[in-house]
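Just so you know, these numbers use all the heavy atoms, side chains as well, and skip hydrogens, waters and symmetry mates. Just so you know, ligand 1 is whichever comes first in the structure, and atom 1 is the first atom listed for that ligand.
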Amino acid sequence: MVTGRRSLNARYVVNTAGGMAMAVESGVRPQDLIIKPRCGQFLVFDRQGKDGIRHVLYQAQETDEKGCLLAPSTEGNIIAGPTSQDVPDYKNVETTDWGIHHIEKTAKKILPDLDMGKVITSFAGVRANIKNVVKEEKDFIIRRSVPRMVSALGIKNPGMTAAPYLCQMILDLLIEDGLCTAPNPDYCPVLDLPKPFLKQTENIQKKWYEQDHRYGNLVCRCEGITEGDILRVLREPLPPKNMNGLKKRLRTTMGRCQGSFCTPRILEILSREWSVPPEKIMKEAPGSPFVKGRVK
Ligand SMILES: Cc1cc2nc3c(=O)[nH]c(=O)nc-3n(C[C@H](O)[C@H](O)[C@H](O)COP(=O)(O)OP(=O)(O)OC[C@H]3O[C@@H](n4cnc5c(N)ncnc54)[C@H](O)[C@@H]3O)c2cc1C
């Protein structure tokens, strides 16, 4: 296997590259599936407090797609969407005027009082949509692409919900090939990660603050994340390497201001901790800096 950095030799390859899985598989066998990218746009509303919703609210559909819905996020936001349009490429993750208006129109059929002034951001994702397999026969394809390589193909919605069973299907193939034995029944997949400082009890807050006063510096006001929280995750065994990594661990920049206030402060902290200039800190992939360079 050739990666962006080096070549790797593997005894076995499990190809779960999402929209790119077919391209990865095409390196070892001819393509027999037609998998096309289908984009879905979403709107995210600010936390709603007691005006929020508690359930996923669907509308009846005439097609086999689930249509545009409203759902509460685990943190109390509302998400509305998705749309559904074929796009040329998996890179097409932009939101559009049409998409935003379409979501507004359909979401307001469910909640007529939905306040569009509370939208804090929008985003899009692309589904891997298999075109030449009858959906009723096979939603998803988990197969041995060649000996010692398993691929998960066309994993669109409800791929996340179905993930535990899809993993079991992959595991069954690995067990059949003698790569591993049955899973350890005592393995607990739930990660018990510490909550941020402001969500801790007063006693723990006192203890942490005595150990490091930087727990007292509030950095992300919307999500209540302190400098101490950021430093703690940077010292974990698998620390984040960019702003999105940090966001996934701590929800920094995910609140009402969407990073307008805290991004410069976080860049400062990361720049100091990693001993690199702010322009070397990426949002995610290489080539996605927040800062182009110094003005003076
Ligand atoms: C708009 C939309 C709505 C959805 N709604 C739902 C829903 O309501 N319920 C539900 O259950 N599911 C839903 N899904 C589907 C769900 O998100 C996907 O099925 C699931 O994320 C697929 O998981 P995956 O691990 O196969 O792929 P992904 O989550 O796409 O992960 C693939 C990973 O592989 C990496 N990768 C790609 N190429 C390479 C490479 N060459 N080398 C190394 N890494 C690589 C990518 O960076 C990525 O991290 C929705 C999806 C979309 C887009």
Does Asp139 come within less than 4.0 Å of Lys156, counting only side-chain N to carboxylate O?
no

Gln85 and Thr83: side-chain donor and acceptor closer than 3.5 Å?
yes

Taking NZ, NE, NH1 and NH2 as the nitrogens, is one of them in Glu104 or Lys109 under 4.0 Å from a carboxylate oxygen of the other?
no

Under 4.0 Å from ligand 1, counting heavy atoms only, is it the side chain of Gln41, its backbone, both or neither?
neither

For Thr161, take its heavy atoms, then give the atoms of ligand 1 lying under 4.0 Å from any of them.
9 (N), 10 (C), 11 (O)

Within 4.0 Å of some non-hydrogen atom of Gly125, the atoms of ligand 1 are 53 (C)

Less than 4.0 Å between a side-chain N and a carboxylate O, is that true for Lys206 and Glu210?
no

For a side-chain contact (heavy atoms from CB on, under 4.5 Å) with Glu227, tell me which candidate from Ile225, Leu231, Ile230 qualifies.
Leu231

Suppose I only count heavy atoms of Val126 and a 4.0 Å limit; which atoms of ligand 1 are within that range?
53 (C)

Do Arg127 and ligand 1 have an N or O pair less than 3.5 Å apart?
no

If you measure from the Lys or Arg side-chain nitrogens to the Asp or Glu carboxylate oxygens, is any gap between Asp229 and Arg214 under 4.0 Å?
no

Residue from Pro196, Pro239, Pro240 passing side-chain contact (heavy atoms from CB on, under 4.5 Å) with Val233:
Pro240

Are any of the N/O atoms in Pro158 less than 3.5 Å from those in ligand 1?
yes

Against heavy atoms of Thr16, which atoms of ligand 1 measure under 4.0 Å?
32 (C), 33 (C), 34 (O)

As an exercise, identify every atom of ligand 1 less than 4.0 angstrom from a heavy atom of Met20.
37 (C), 38 (N)

Quick check: Met160 and ligand 1, any N/O pair under 3.5 Å apart?
yes

Part of Pro82 with heavy atoms under 4.0 Å of ligand 1, whether side chain, backbone, both or neither
side chain

So, is Gly40 polar-close to ligand 1, with some N/O to N/O distance under 3.5 Å?
no

Test side chain to side chain donor-acceptor pair (under 3.5 Å) applied to Tyr209 - qualifying residues, sequence neighbours left out
none

For atom 19 (O) of ligand 1, which of Leu166, Thr83, Ile155 has the closest heavy atom?
Ile155

